[in-house]
Amino acid sequence: MRASALSPSTKNSASAENLPYALPDLVCFAHLHWDFVWQRPQHLLSRFAQHGRVFYVEEAFYHADDLIEPHMEVKERQNGVNVLVVHLPARLRGQDDAADQAQEKVLTSYFREQHIEKYIFWYYTPMALGKSRSFQPILTVYDCMDELAAFKFAPPALREREQELFKKAALVFTGGHTLYEAKSQQHNDAHPFPSSIDKAHFAQARQPQPDPADQAGIAHPRVGFFGVVDERLDIELLRQLADAHPEWQFVIIGPVVKIDPATLPRQQNVHYLGGKDYQELPSYLSGWDVATLLFADNESTKFISPTKTPEYLAAGRPVVSTPIRDVVRPYGELNLVQIAATADEFGQAIEKALIQTQDADWRQRTDDYLATISWDQTWEQMVQLMQQKLTPAASKPHTAALS
C-alpha cells in the first residue's frame with residue numbers, strides 16, 4: 001500500500017481550517033518511509049503541513065560504495081511535507097556512532113540553510129536520538145504508535161533510548177489504549193490516541209466500484225485483508241482457513257516484509273495481490289464480502305491498535321478479528337466486529353459475517369460509532385495539547401518522565 005502521489009482529502013477539512021493554530025516548524029523523526037504505507041504519520045503530518053513547515057526525517061540511505069560524502073536529499077510530498085533523507089557512504093554502515101554524527105552534521109547544515117530556528121521535535125522512533133539529541137527544540141513529542149521493541153529485528157538499544165526519550169518528551173501520545181496503559185506508567189503526561197479514520201475516503205467502497213484488474217477474476221465469496229504482511233500476520237490461521245473453506249477466496253493485499261515469502265500459504269484460494277496505493281483501497285474493499293484482521297497472538301501484536309479496523313467498517317465491510325485487545329475494546333464489546341480465537345471460530349464468524357450486510361441495526365450502530373472519530377479530531381486534540389505546553393506558564397522545564 002504505497003502512498004499515492006495524491007493525498008487523501010485533507011485540504012478542504014473545515015475543522016482543520018478553523019482550528020486556531022500557533023505552532024512553529026515541526027521536525028519529525030521516523031523509522032517508516034513516507035512512501036511505504038499511508039498510515040498514522042502521513043494522516044497527521046499532512047494536516048500539520050497545511051499550517052506550517054513540516055520536515056519528515058527518514059532513516060539514512062547507505063550507498064554501496066564510498067564515492068559520495070554525506071549529504072541531504074529533499075523530496076516534497078503531500079501538502080508540502082519535506083521528506084529528508086541523509087545519504088551516507090558504505091564505510092559508515094554498521095558504525096552507528098559515526099553514522100549518527102554524520103547525520104547530525106548534515107541536519108545542522110540543513111537547519112541553518114532553511115532557517116529552522118524555532119521548532120518542535122516529533123519522534124516515532126527513539127533510535128533517532130542518536131542524530132538529534134544535541135538540538136534544542138522548544139517542545140518534544142513522542143508519538144508512540146507501536147511497541148517497536150517487540151518487533152522483529154528491533155535494535156537492542158531501543159528500550160534504553162526510549163527511556164531517554166521519555167525524559168526529553170513533554171508529551172507522549174500512544175497509538176492505542178493498551179499501549180497507553182503501558183506508557184502512562186513511564187511518563188506522567190501520556191495521552192491515548194487510537195487509530196482513527198478518513199471516513200469519506202473509505203466510504204467510497206459502499207458504492208459500486210470498478211473491480212481492479214488483478215481482483216476481477218477472483219470468485220466470490222471474497223475474504224480480504226490489507227496491511228503489511230509481516231510477523232504479525234497469523235500465517236497458520238490463514239492456512240487452516242484456506243484448507244477448511246476452499247469455497248472462499250482469501251485476498252491478501254500488502255507488501256511482504258521481514259518474513260520469508262516462501263512461508264506463506266499457497267493454496268489455490270489464497271491470492272497475494274501485493275502493495276496498493278491508499279487511493280486504490282476503496283475499489284478493492286468494495287469487491288470483498290468480509291474483511292479480516294488475521295493477527296497472530298505474539299509479542300509484536302500485544303500493543304497494536306489496527307488502523308484498518310475502522311477503515312474496514314467505514315467501507316461497509318463486516319469484520320472478523322483475532323482477539324487483539326484494542327479491537328476487542330471497543331469494537332468487539334460494542335458488537336461491531338466479531339472476535340474469534342481459533343480457526344474453527346474464525347470460520348464460523350465469517351459465515352455469520354457473510355450475511356451481516358443485511359443487518360440494518362449493525363450498520364446503524366457502526367455508523368454511530370464511526371461518527372465519533374476522525375483523523376481531524378485526533379489532530380486537533382494533539383495540537384491543543386501542544387499549544388498548551390507552549391504557553392508562557394508551561395515553558396518552565398518539565399519533569400514528565402516517571403522515576
Side-chain angles (χ1 to χ4, degrees), residues 1 37 39 146 150-153 195 205 211-212 214-276 280-281 284-309 311-313 315 317-328 331-332 337-354 356:
M1 290 170 293
V37 174
Q39 52 186 307
D146 286 304
F151 281 22
K152 205 169 187 176
F153 309 127
S195 297
D211 213 0
D214 56 351
Q215 183 171 272
I218 299 174
H220 289 267
R222 295 176 186 162
V223 178
F225 169 91
F226 72 68
V228 179
V229 179
D230 58 14
E231 74 272 22
R232 292 169 293 178
L233 185 72
D234 193 332
I235 293 173
E236 190 54 35
L237 173 60
L238 176 58
R239 192 188 320 278
Q240 292 175 19
L241 287 168
D243 282 338
H245 298 279
E247 73 278 16
W248 298 341
Q249 303 300 313
F250 294 87
V251 179
I252 310 297
I253 289 176
V256 179
V257 301
K258 295 192 291 182
I259 61 172
D260 183 355
T263 65
L264 296 173
R266 295 293 172 179
Q267 291 96 324
Q268 289 187 340
N269 60 333
V270 181
H271 311 269
Y272 300 96
L273 304 188
K276 303 299 175 186
E280 296 178 279
L281 292 178
Y284 282 91
L285 279 163
S286 180
W288 295 358
D289 299 289
V290 176
T292 62
L293 292 102
L294 294 163
F295 287 117
D297 179 10
N298 59 34
E299 283 300 308
S300 69
T301 61
K302 185 177 180 181
F303 296 100
I304 63 172
S305 177
T307 306
K308 62 181 64 60
T309 314
E311 291 173 345
Y312 286 161
L313 292 172
R317 299 305 93 188
V319 182
V320 182
S321 175
T322 51
I324 299 300
R325 287 190 70 190
D326 278 15
V327 180
V328 174
Y331 298 97
V337 169
Q338 293 189 68
I339 306 297
T342 68
D344 285 345
E345 292 173 359
F346 215 97
Q348 293 169 20
I350 290 174
E351 292 276 13
K352 294 178 183 177
L354 286 169
Q356 196 167 18

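All of these numbers come straight from a predicted model, not from anything done at the bench.
When all heavy atoms of Arg239 and Gln267 are compared, the closest pair comes out as O-NE2, 3.1 Å. Closest approach of Ala343 to Gln240, counting heavy atoms only: CB-OE1, 3.0 Å. Nearest approach of Leu313 to Arg317, heavy atoms of both residues: CD2-O, 3.9 Å. Here the closest non-hydrogen pair linking Tyr272 and Pro265 is OH-O, 2.7 Å. Here the closest heavy-atom approach between residue Ala340 and residue Ala349 is recorded as CB-CB, 4.4 Å. In this structure, Val290 and Ala353 approach most closely via the heavy-atom pair CG2-CB, 3.7 Å.
Ion pairing of Lys302 with Asp326 is absent here, as no side-chain N (NZ or NE/NH1/NH2) approaches a carboxylate O to less than 4.0 Å. Between Arg222 and Asp211 a salt bridge is recorded (basic side-chain N to carboxylate O distance below 4.0 Å).
Residues Gln338 and Gln356 have side chains in contact (heavy-atom distance under 4.5 Å, counting atoms from C-beta outward). In this structure, Pro261 and Arg266 have side chains that are in contact, with non-hydrogen atoms separated by less than 4.5 Å. Side-chain contact between Thr263 and Ile235 is present, with heavy atoms from C-beta onward closer than 4.5 Å. Two residues are said to be in side-chain contact when any heavy atoms from C-beta on lie closer than 4.5 Å; Leu238 and Leu264 fail this criterion. The shortest side-chain heavy-atom distance between Val223 and Ile350 falls under the 4.5 Å cut-off. For the pair Phe346 and Thr292, the minimum side-chain heavy-atom distance is below 4.5 Å. Residues Phe295 and Leu233 have side chains not in contact (no heavy-atom distance under 4.5 Å, counting atoms from C-beta outward). Put simply, the side chain of Val229 reaches to within 4.5 Å of the side chain of Ile252, judged on heavy atoms.
Evaluation of the side chain to side chain contact (heavy atoms under 4.5 Å, CB included) rule for Asp234 yields Glu236, Leu237, Ala296 as partners, not counting sequence neighbours.
Heavy atoms of other residues, nucleotides or ligands lying less than 6.0 angstrom from CG of Asp297 number 12 at most. The number of heavy-atom neighbours closer than 6.0 Å to CD of Glu247, taken from other residues, nucleotides and ligands shown, is above 12.
Atom CD of Glu299 is separated from atom CD of Glu231 by 11.5 Å, given to the nearest 0.5 angstrom. Here the NE2 atom belonging to His271 is positioned 11.0 Å from the CG atom belonging to Asp214, to the nearest 0.5 angstrom. Considering OG1 of Thr322 and CG of Leu293, their distance stands at 7.0 Å, rounded to 0.5 Å. To the nearest 0.5 Å, the span separating CG on Leu354 from CH2 on Trp248 amounts to 6.0 Å. Note: Lys308 NZ to Leu285 CG = 11.0 Å, rounded to the nearest 0.5 Å. Put simply, OG1 on Thr307 and CD on Gln39 are 6.5 Å apart, with the number rounded to the nearest 0.5 Å.
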Step-by-step side-chain contact (heavy atoms from CB on, under 4.5 Å) determination, Gln215 to Trp288
CA-CA 10 Å; Gln215 183 171 272; Trp288 295 358; 2.9 Å; yes

Run the side-chain contact (heavy atoms from CB on, under 4.5 Å) check on Val328 and Arg325 step by step: do they pass?
CA-CA 5 Å; Val328 174; Arg325 287 190 70 190; 5.6 Å; no

Please lay out, stage by stage, how Val251 and Tyr284 fare under the test side-chain contact (heavy atoms from CB on, under 4.5 Å).
CA-CA 9 Å; Val251 179; Tyr284 282 91; 5.5 Å; no

Quick one, Phe250 with Asn269, criterion side-chain contact (heavy atoms from CB on, under 4.5 Å). Give me CA distance, side-chain angles, the key distance, then yes/no.
CA-CA 6 Å; Phe250 294 87; Asn269 60 333; 3.9 Å; yes

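Checking Thr342 against Asp344 by side-chain atom types alone, no donor-acceptor pair falls below 3.5 Å. Between the side chains of Gln249 and His220, no donor-acceptor pair is found at a separation under 3.5 Å.
Using a distance-only test at 3.5 Å, with no hydrogens or angles considered, a donor-acceptor pair links the side chain of Glu345 to the main chain of Ala341.
For Tyr312 and Phe226, the ring centers are positioned less than 6.0 Å apart.
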